[in-house]
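Reviewing the structure listed below.
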Amino acid sequence: MGHTATEQAGSGGLTATEHRLANGLRVVLSEDHLTPVAAVCLWYDVGSRHEVKGRTGLAHLFEHLMFQGSAQVKGNGHFELVQGAGGSLNGTTSFERTNYFETMPAHELELALWLEADRMGSLLTALDDESLENQRDVVKNERRQRYDNVPYGTAFEKLTAMAYPEGHPYHHTPIGSMADLDAASLEDARAFFRTYYAPNNAVLSVVGDIDPERTLAWIEKYFGSIPSHDGKQPPRDGTLPDVIGGELREVVEGDVPSRALMAAYRLPHDGTREADAADLALTVLGGGESSRLYNRLVRRDRSAVAAGFGLLRLAGAPSLGWLDVKTSGGVEVPDIERAVDEELARFAAEGPTPEEMERAQAQLEREWLDRLATVSGRADELCRFAVLFGDPQLALSAVQRVLDITPEEVQAVAKARLRPDNRAALVYEPTEPSDADTEEGEADQ
């Protein structure tokens, strides 16, 4: 096991050491004795981009199955043990990874490490039809609550399907389809676990009030005997042209409170200077109530009640610039689109003002420092940069990279990418209540 300890420029004195077990598990440790807590974060290099047609949603389903019990921890025991020790925990799934995390009182760190190792090494012994059916129903209900039965709930799914063409690994979202969730078998789940939930496909970070030598000894004790697995196939190529080549559009009529324009623009891959420049551009244009679009649409024109523009960073495919505008009263969406295109064209022609640049960099710097200031946020970022970019140390210099971006770079990415021919647009139109609905509502009064 080798290690490095590096203090990065702009890291505020934060350091991280790196280690690797014989079975391939990468370990990143970062001491922080400010408060008596420790964060454990485990990233598996598997997300929805690794799934195949007909079996979407498996990565997210497995996130849930990992809390369903393992060899030594039955049923809901993982939650019960962590929360009983005064800790908190959860897991999430994205296009590019699945992660699990606990924040514990420092003296309970060993418990969190043992729990994560137990389910990495022995989940298959507890995985059966009953647990699969239980969590399949939970995920289907989550889909109903977050996607199918809420206003604008399908926007993310629809826009990603438009921005990434059929057959692209990012064409479907991590939640998966109802049909594919129903089709997943117990053997599908077991094969998925054997392929992806191996130590050589994971990064473990521990951040906080820790003794690195003792922590590493615990990690070796609990994770060191878990065998590696070499059956993983690399994700399919996510390369696409920089520009879509023409506006894609879909109109959705539904039970929504107001008309809305939502759009996705293809932007540079995460981990590049161009992605940082795009983040700054979208912050100037739509990052909060001081942004150009908010000032134009909400404050000046009063044509919208909300206007935002943010970046969904992706490493294995073009990132997405996410525009979300909810209209006021009887305002039509074409009026909103004209105003948006005017502001984007003006920004591409002129670039950010010095004041806008300073404000946007300060905003992103604050967001980054907020993440790195908490043990859980830092643990997550160390894992992210290790899994997606091969180097956890990059997390400690991310702030400085944003501050190094020039106004010219921000203008250049806006001019190249924030164009009507690089947009997938989704227009929501409220449906009119039927006469029967109106009469029923009046009768109830």
Side-chain angles (χ1 to χ4, degrees), residues 5-18 26-35 37-44 47 87-104 106 112 203-210 267 269-273 275-284 286-288 308-315 319-322 358-405:
T6 307
E7 182 176 324
Q8 297 284 352
S11 69
L14 302 177
T15 62
T17 61
E18 301 174 52
R26 295 182 67 184
V27 179
V28 185
L29 306 180
S30 180
E31 287 184 81
D32 183 347
H33 301 289
L34 188 62
T35 55
V37 296
V40 173
C41 186
L42 186 59
W43 271 46
Y44 290 93
S88 60
L89 71 162
N90 214 330
T92 66
T93 311
S94 77
F95 290 101
E96 301 181 323
R97 60 96 183 102
T98 308
N99 70 332
Y100 303 89
F101 46 93
E102 295 88 7
T103 301
M104 306 289 284
V203 173
L204 172 68
S205 67
V206 185
V207 175
D209 188 16
I210 64 172
L267 291 173
H269 289 62
D270 193 16
T272 62
R273 286 184 67 92
D276 289 335
D279 207 352
L280 286 164
L282 300 191
T283 301
V284 172
F309 210 175
L311 181 64
L312 173 62
R313 289 176 174 264
L314 296 170
S319 300
L320 289 184
W322 192 269
E358 181 180 4
R359 187 165 58 242
Q361 286 180 314
Q363 184 172 330
L364 293 185
E365 180 183 24
R366 186 193 70 242
E367 291 172 3
W368 265 109
L369 292 178
D370 284 347
R371 287 283 290 160
L372 295 179
T374 67
V375 293
S376 58
R378 196 183 324 151
D380 191 54
E381 292 299 339
L382 290 169
C383 279
R384 182 168 82 91
F385 280 93
V387 169
L388 299 181
F389 308 111
D391 185 1
Q393 307 291 342
L394 291 171
L396 305 182
S397 58
V399 172
Q400 190 57 50
R401 290 196 297 277
V402 171
L403 298 179
D404 286 342
I405 300 298

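Excluded from the calculations below are hydrogen atoms, water molecules and symmetry mates; all remaining heavy atoms, backbone and side chain alike, are included. In this text, all values refer to a predicted model and were calculated from it rather than measured experimentally.
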Self-check item: Minimum heavy-atom distance Leu267-Leu320, with the two atoms named
Solution: CD1-C, 4.2 Å
Self-check item: Nearest-0.5 Å distance that lies between atom CG in Leu311 and atom OG1 in Thr283
Solution: 8.5 Å
Quiz item: Considering all heavy atoms of both residues, which atom of Val207 and which atom of Leu382 are nearest to each other, and what is their separation?
Solution: CG2-CD1, 3.8 Å
Practice problem: Quick one: pull up CZ in Phe101 and CG in Leu89 and give me the separation to the nearest 0.5 Å. | Solution: 8.0 Å
Exercise. May I ask you to say whether Arg313 pairs ionically with Asp279, meaning some side-chain N is under 4.0 Å from a carboxylate O?
Key: yes
Exercise. Could you check Glu365 against Leu403 for side-chain contact (heavy atoms from CB on, under 4.5 Å), going step by step and ending with a plain yes or no?
Key: CA-CA 8 Å; Glu365 180 183 24; Leu403 298 179; 3.8 Å; yes
Practice problem: Output yes when a side-chain donor or acceptor of Thr272 lies under 3.5 Å from a complementary backbone atom of Ala275, and no otherwise. | Solution: yes
Quiz prompt | Spatial distance of atom CG (Leu14) from atom CD (Glu31) [nearest 0.5 Å] | solution = 12.0 Å
Exercise. Start with the C-alpha distance between Asp391 and Glu18, add both sets of side-chain angles, then the distance that settles side-chain contact (heavy atoms from CB on, under 4.5 Å), and finish with yes or no.
Key: CA-CA 9 Å; Asp391 185 1; Glu18 301 174 52; 4.1 Å; yes
Quiz item: Between Gln361 and Leu280, is there a donor-acceptor pair closer than 3.5 Å when you use the side chain of the first and the backbone of the second?
Solution: no
Quiz prompt | CG on Asp270 to CG on Asp276, rounded to 0.5 Å | solution = 7.5 Å
Quiz item: Hey, is Glu381 close enough to Arg378 for a salt bridge, meaning N to O under 4.0 Å?
Solution: no
Quiz item: Does any pair with a residue in residues 366-385 pass ring pair (Phe, Tyr, Trp, His ring centres under 6.0 Å), and if so which ones, sequence neighbours excluded?
Solution: Phe385-Phe389
Practice problem: Apply side chain to side chain donor-acceptor pair (under 3.5 Å) to Arg26 and list each qualifying residue two or more places apart in sequence or on a separate chain. | Solution: none
Quiz item: Any donor and acceptor pair, going by atom type alone, linking the side chain of Thr103 with main-chain N or O of Gly87 inside 3.5 Å?
Solution: no
Quiz prompt | CD1 on Ile405 to CD on Gln400, rounded to 0.5 Å | solution = 10.5 Å
Practice problem: Locate the shortest heavy-atom distance separating Leu372 from Ala395; write the atom from each residue and the value. | Solution: CD1-O, 3.8 Å
Exercise. Would you please test Gln363 and Glu367 for side-chain contact (heavy atoms from CB on, under 4.5 Å) and show each step?
Key: CA-CA 6 Å; Gln363 184 172 330; Glu367 291 172 3; 3.8 Å; yes
Quiz prompt | Distance-minimising heavy-atom pair for Cys383 and Cys41 | solution = SG-O, 3.5 Å
Quiz item: Taking all atoms of both residues into account, what is the closest heavy-atom pair of Ser30 and Thr15, and its distance?
Solution: OG-O, 2.7 Å
Quiz item: Are the side chain of Ser205 and the backbone of Ala379 linked by a donor-acceptor contact shorter than 3.5 Å?
Solution: yes
Which side-chain N or O atoms in residues 91-100 pair as donor and acceptor under 3.5 Å with protein atoms at least two apart or in another chain?
{"unit_1": "Thr92", "atom_1": "OG1", "unit_2": "Arg97", "atom_2": "NH1", "d": "3.2"}
{"unit_1": "Thr92", "atom_1": "OG1", "unit_2": "Arg97", "atom_2": "NH2", "d": "3.1"}
{"unit_1": "Thr92", "atom_1": "OG1", "unit_2": "Asn99", "atom_2": "OD1", "d": "2.3"}
{"unit_1": "Thr93", "atom_1": "OG1", "unit_2": "Glu63", "atom_2": "OE1", "d": "2.6"}
{"unit_1": "Ser94", "atom_1": "OG", "unit_2": "Glu96", "atom_2": "N", "d": "3.0"}
{"unit_1": "Ser94", "atom_1": "OG", "unit_2": "Arg97", "atom_2": "N", "d": "3.3"}
{"unit_1": "Glu96", "atom_1": "OE1", "unit_2": "Ala315", "atom_2": "N", "d": "3.2"}
{"unit_1": "Glu96", "atom_1": "OE2", "unit_2": "Tyr170", "atom_2": "OH", "d": "2.6"}
{"unit_1": "Glu96", "atom_1": "OE2", "unit_2": "Ala315", "atom_2": "N", "d": "2.8"}
{"unit_1": "Glu96", "atom_1": "OE2", "unit_2": "Gly316", "atom_2": "N", "d": "2.7"}
{"unit_1": "Arg97", "atom_1": "NH1", "unit_2": "Thr92", "atom_2": "O", "d": "3.4"}
{"unit_1": "Thr98", "atom_1": "OG1", "unit_2": "Val46", "atom_2": "O", "d": "2.8"}
{"unit_1": "Asn99", "atom_1": "OD1", "unit_2": "Thr92", "atom_2": "N", "d": "3.2"}
{"unit_1": "Asn99", "atom_1": "ND2", "unit_2": "Asp380", "atom_2": "OD1", "d": "3.2"}
{"unit_1": "Tyr100", "atom_1": "OH", "unit_2": "Tyr197", "atom_2": "OH", "d": "2.8"}

Quiz prompt | Euclidean distance, Ile210 CD1 relative to Leu29 CG, rounded to 0.5 Å | solution = 4.5 Å
